[in-house]
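Reviewing the structure listed below.
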2 protein chains.
Amino acid sequence: MVVGRDRQRRNKWKTRPVRQDIHTSGIPVLCVSCEARHRGICGALEPVQLVELARASTKHVLEEGAELIGDAEPIDTYANILSGVVKLTKSLPDGRQQIVGLQFAPDFLGRPFSEESAIGVEAATPVSLCSFPRRTIQRLKDTPGLERRLLMQTLRELDEARGWMMTVGRKTAAEKVASFLLLIARNIDPTLGEEVAPAAAFDLPLTRADIGDFLGLTIETVSRQLTRLGRDGLISVKGRRVELLDMGRLADLAGA
Amino acid sequence: MVVGRDRQRRNKWKTRPVRQDIHTSGIPVLCVSCEARHRGICGALEPVQLVELARASTKHVLEEGAELIGDAEPIDTYANILSGVVKLTKSLPDGRQQIVGLQFAPDFLGRPFSEESAIGVEAATPVSLCSFPRRTIQRLKDTPGLERRLLMQTLRELDEARGWMMTVGRKTAAEKVASFLLLIARNIDPTLGEEVAPAAAFDLPLTRADIGDFLGLTIETVSRQLTRLGRDGLISVKGRRVELLDMGRLADLAGA
DNA sequence: CGCGCGCTTGATTTGCGTCAATATGCGTGG
DNA sequence: CCACGCATATTGACGCAAATCAAGCGCGCG
């Protein structure tokens, strides 16, 4: 019962310095359309601080599979996700792997108070980041709202992790896959919220292998459950493209 | 494949007001021997603030099975655990249950920024608490270190939750049980730390049902794995009493 | 005492992992 | 253009680990 196989990784960073214009009522251009300024941690910053942070920031584009941080490597930079999906992984010495979290824009990446991370961080899709050195954040640390934002994101991640513990520990394969589809749907289209919208369509940002590693299943089981959900008319699957046809039954299957 | 059964709960609070002496260099007597003052959140407080907090505090003793907070009930008080073990649970509409976290002294209990909790909180053993109203903490909120302590505990809980996601999602029953035993051992006797000590003995603070709910297993499987670990000489079990005879092989089984 | 409860142990079933063969899609080079 | 390789996905047959079903034991308690 040893699951999870080795997978190859690539590592390419495309770096590009950030433009320095700082008008539009004092807000850096980099930031004006950035989600992190509203829902992310930057929302806690005053325009002046935003300028300071933006000055130290660089925008990166990573391609799928790029590792941001390996297990137990030192971290010296933090980042906000601008787009794409990042997976947090843990693995056993024998290669079994578990995805312990998925991060979407405008989540904050990095580990306060700890020089090294116990988890791997990898781009699941092409990802663009706004990253800045640890020191810059530390200088801003006294901003009352900043640490609070961080705490709030951390609490949210904790809730999510616990939710997935339930899913992974107690749900059946079909329920797991349904739950996963809803997770993705809600993150692709936040307007879906918790309520039941009629339908949704999107491309899965994860391979079957990743989905398996997230749900504690094998790729074969994930595949089978997807085709079964399709046969039963809850969804339609063609490769990565998925349509949720019956959100009601799907949410029901996923279990409240 | 529907696991988890209904269980009965009791609900008895034994309340007792806190003594008001505030000498010993300004530290409330209630606090002088309290672990939370060192490793917990109270460590961030100045003696003056400690007095303020202690004045608003009451000590409670709960018996095993008492619910602190039900699913989705409003919370108006926070607490530090003085002794005992508290389990955090989630459950599905059909009764399946998952324990999503265990808290030991001197952990902080409560949910900042949220009026209600999505998880159940229940005493797994007799528990004693030092609890205080939400407002008191909010008044102290500006203390620079307090929120940081909270963030640090939350980050630690997040790490733990993710560690258990790996355990629940990818490990075999035997590995799960071994991991669990090590968790308990390390919390009963913190000197064990991460290193391999020769042996340890303790009473399990959880029933087999709870262990199953924590690991995503049935009680029967937990029981079988325990007797097997016993037969193989890694541990010795008699009811709740457990001795870890071979920490090395145990840690090895649990998987780094 | 007898009942309930927690736990163990055994027999049986089954969901999902494993192994293996076969698509399907995509980039590369002939 | 098709041929080829490679990675990802699907599908089927089979086996096993853990769930389910079912006794039975020890113990505390009304």
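Just so it is clear: chains get the letters A, B, ... in the order the sequence lines come, proteins before strands, and each one is counted from 1.
Protein atom NZ of A/K171 is 18 Å distant from nucleotide atom P of D/dA19, rounded to whole Å. Put simply, CZ on A/R208 is 16 Å from P on C/dG17, counting in whole angstrom units. Following rounding to the nearest Å, B/D213 (CG) and C/dG6 (C1') show an atom-to-atom distance of 14 Å. If you measure from atom CG of B/L215 to atom P of D/dA17, you get 18 Å, rounded to the nearest angstrom. With rounding to whole Å, B/R241 atom CZ is found 20 Å from C/dT8 atom C1'. Here the P atom of nucleotide C/dT8 and the CD1 atom of B/I219 are 10 Å apart, to the nearest Å. Atom CD of B/Q225 is separated from atom P of C/dC7 by 16 Å (rounded to the nearest Å). Separating the NZ atom of A/K238 from the C1' atom of D/dT10 is a distance of 16 Å, rounded to the nearest angstrom.
Distance from the side chain of B/S223 is smallest for C/dT8 among the nucleotides D/dT10, D/dA19, C/dT8.
Within 3.5 Å, a donor on the side chain of A/E220 pairs with an acceptor on the base of C/dC19, or the reverse. Counting distance only, with no hydrogens placed and no angle test, the side-chain atoms of A/R224 and the base atoms of C/dT18 include a donor-acceptor pair under 3.5 Å.
Using a 4.0 Å heavy-atom distance criterion, A/R228 is classed as making no nucleic acid contact. Within the 4.0 angstrom heavy-atom criterion, no nucleotide atom of any strand lies near B/G212.
A distance of 11.5 Å separates CD in B/E67 from CG in B/L62, rounded to the nearest 0.5 Å. Note that the CD atom of A/Q98 and the CH2 atom of A/W164 stand 11.0 Å from one another [nearest 0.5 Å].
Look at B/T218 and you won't find any side-chain N or O under 4.0 angstrom from OP1 or OP2 of D/dA18. Contact between the side-chain N/O atoms of B/T227 and the OP1/OP2 oxygens of C/dT9 is found at a separation under 4.0 Å.
For the pair B/F214 and B/V222, the minimum side-chain heavy-atom distance is 4.5 Å or more.
The closest side-chain donor-acceptor pair between A/T154 and A/E157, if any, does not fall under 3.5 angstrom.
Counting non-hydrogen atoms of other residues, nucleotides and ligands closer than 6.0 Å to CZ of A/R228 gives a total of 12 or fewer.
Comparing A/R240 and B/A174, the nucleotide of DNA chain D nearest to each residue sits closer to the 5' end for A/R240.
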